[in-house]
Amino acid sequence: MKILIIEDNKNLSEDIKKVLSEEDFLVENAFDFNSASEKLAIHNYDLLILDIGLPDGNGLDLINEVKDKKENCGILILSAKDSIDDKVQGLDFGADDYLTKPFHPAELVARIKSIIRRKNFKGNDYLIFNEIKIDLKSGETFINEVDLQLTRKEYELLLYFLYNKNRLLTKESIAEHLWGDSIDTADNFDFIYNHIKNLRKKLLASGCKDYIKSKYGLGYKFRSEV
Amino acid sequence: MINKKLKLLSKTTIVYLIVTCIVFFVTSIFLFKAIDNYLEDEVEQRFQFFEHRAKSALHRGHKSKINKKYLDVTKLDKEPDLNKYPIYSDTTMYDSHLDRNSLFRKKTVVVSYKKDFYEIVMATGLDEFVLLKKAIARILLPAVIFLALIVVIANFVLSGFFLKPFHKILELMKIYKVGSKENLSVVKTNTVEFEKMQALFLGMVDRIEDDYKNLKEYTENMAHEMQTPLAVMRNKILDLMSDENLDENKSKVIKSVYDEVNHLSNLGKTLNLLTKIENNEYKNTKTIGTKDLLEDILNNYSELAELKNLKLEYHLDDQNKMDIDPKLFRIMIDNLMRNAVRYSSEEGTINVVSDSQSIRISNSGEKLTFEPEKLFERFMSSNNDSNSIGLGLSIVKKICDMNCVKIKYEYQDGTHIFILSGNC
């Protein structure tokens, strides 16, 4: 799976590269419009992470270039501008998703995996990890093939964990993933604690191993090995 | 007059009237002096004429031909004291022409003729002169009063016309709001003072707009440009946090840095939102029925309320309507609900009620520790909760102001109540 990061801030670009490399993606960077255009001409990428505000051109134009070459290349737009117009325009141009800076790396990983899944697993919408099986289409969860009833938020939380195995998820990142911007992240620590407690209880009761561990109040980690 | 506030016009009119009175008074004095002088001359001339006639009659020895009434010549026995003459006196005498008593002036002189001394007593009527003076006075006073009246009235009528540009400029100053320079029109005037005033006002507006623009740009840039560095910082901190060998003490330190970075980032985002609202970037204003939107938003909060053991009750009226961009409406209600959830007392109740006129959002909670007037100010928070950004209610206020929605805060029986009532 090859990913190209087009982002003019080198620090941020390297960070994204590091995070995605940990997830076993092949990652390359481009720091400006021209080098991105060149790379797109030479290589085939499965996914673009694209900052719209490049110093030497509008990132939106790159969407057309890549769509001409490879129809089902996934595109995730990054922008510092939290502007609704940008969002709509980006999606109109054929982007698959939109992420506003600053974002949590875990959120980026979840979004990317979600895009890739949508692009590549047509008709097969199961996410399977050991005894856990999730039907992404119907939103049902099975533990050892037995149906497990989860609330909407618990389901989203489990999915977020599965997309970010072995990655530390801070409470802020979880809060933002579950409630978006509409709620002050700092408000929700108790809520998150409750949600995770409930989710763990349900998973354990249905015979699932205890994968979710907390770390000194920093956050939670879903460990693939117990 | 100094302490009392008067219109400029009233002031000038009063001053004008006072000046008119003084001028009238002074001129009258001069006028009557002049009339008196003229009359004295006239009387004297008559007396000289009489004297001349008397003298020539004496020369001719026709003393009998002299009119006895107005001219009387008497031969004196001895030489009189010449220094005493001429003698003037005013007296009332019977006037045979008019058939009544009237005022006369008498002049007595002594002349010598052939070593004899004769006393000549002359009289002339003064009535006609007195009547003349009275007639002049009778015309003068009404004429001046009439003149003053005309000028005062003309002043009032014309000044309405002359001051029109002035009032127009004042009206423009009144309606001017920072950031709305385009709405200012230029008032046409050929009065130098008003033109000066207008030029000054417009110059001031330019400076204000400039300062405002700079300030806004600064805020915008700050809020925007700090997001990327903050993202980098957060990622680096996350790297440290993910370190398997991290001990508890260090993780506490790192966590607090992480929290502060998040706080800063949220602050930037929120300031951005405020700027966007101020810049009128939400333009999709339309009349919306609030019921469905409110229901949708409240559903998001029911879970949060439940987790905090709060009761969330609502009763919504589908007649409630508001002219506002739906996104702004959502942001506004979100902030009010967030506020309600945050500051509700444990196991309290949040109530949302709408009727055809207003939306009421109330929650149980402790009384504010500061004056309610400061509630909507930026960075006002009752419990110094470092997690709170402190901009939520100022966003609400801004949205209300921009969309002509009235917002009222009340505290009653342990309940905080926010009332939103329709577009004004």
Rounded to the nearest 0.5 Å, what's the gap from [atom1] on [X] to [atom2] on [Y]? Could you check?
X        : Y        : atom1 : atom2 : answer
A:Thr170 : B:Asn262 : OG1   : CG    : 6.5 Å
B:Leu230 : A:Leu12  : CG    : CG    : 11.5 Å
B:Asp243 : A:Lys215 : CG    : NZ    : 6.5 Å
A:Asn166 : B:Glu244 : CG    : CD    : 8.5 Å
A:Leu218 : B:Met241 : CG    : CE    : 4.5 Å

Contact check, side chains of B:Asn235 and A:His104, non-hydrogen atoms, under 4.5 Å: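 Of all side-chain heavy-atom pairs linking A:His104 with B:Asn235, none is under 4.5 Å.
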Crowded around [X] [atom1]? As in, over 12 foreign heavy atoms under 6.0 Å?
X        : atom1 : result
A:Lys213 : NZ    : yes
B:Glu306 : CD    : no
A:Lys2   : NZ    : yes
A:Glu22  : CD    : yes

Contacts of type side-chain contact (heavy atoms from CB on, under 4.5 Å), residue A:Asn11, not counting sequence neighbours: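 For A:Asn11, the residues satisfying side-chain contact (heavy atoms from CB on, under 4.5 Å) (neighbours in sequence not counted) are A:Asn9, B:Val232, B:Lys236.
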Scan the side chains in residues 285-294 of chain B for donor-acceptor partners under 3.5 Å anywhere in the protein, sequence neighbours excluded, and list what turns up.
unit_1, atom_1, unit_2, atom_2, d
B:Thr287, OG1, B:Asp323, OD1, 2.4
B:Thr290, OG1, B:Asn320, O, 3.3
B:Thr290, OG1, B:Asn320, OD1, 2.8

Non-neighbouring partners of A:Lys153 that pass salt bridge (charged side-chain N to carboxylate O under 4.0 Å, His left out), sequence neighbours left out: none
Trace of the salt bridge (Lys or Arg N to Asp or Glu O under 4.0 Å) decision for A:Glu107 with B:Arg234: CA-CA 13 Å; A:Glu107 185 65 36; B:Arg234 194 157 74 175; over 6 Å; no
Contacting region of B:Ser242 [heavy-atom separation from chain A under 4.5 Å]: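 It is both, since atoms from each part get that close.
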Choice from B:Asp239, B:Ile254, B:Ile331 maximising heavy atom contacts with chain A below 4.5 Å: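 Winner by heavy-atom pair count: B:Asp239.
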Contact listing (chain A partner; residues 245-253 of chain B; heavy atom under 4.5 Å): B:Leu246, B:Asp247, B:Glu248, B:Ser251
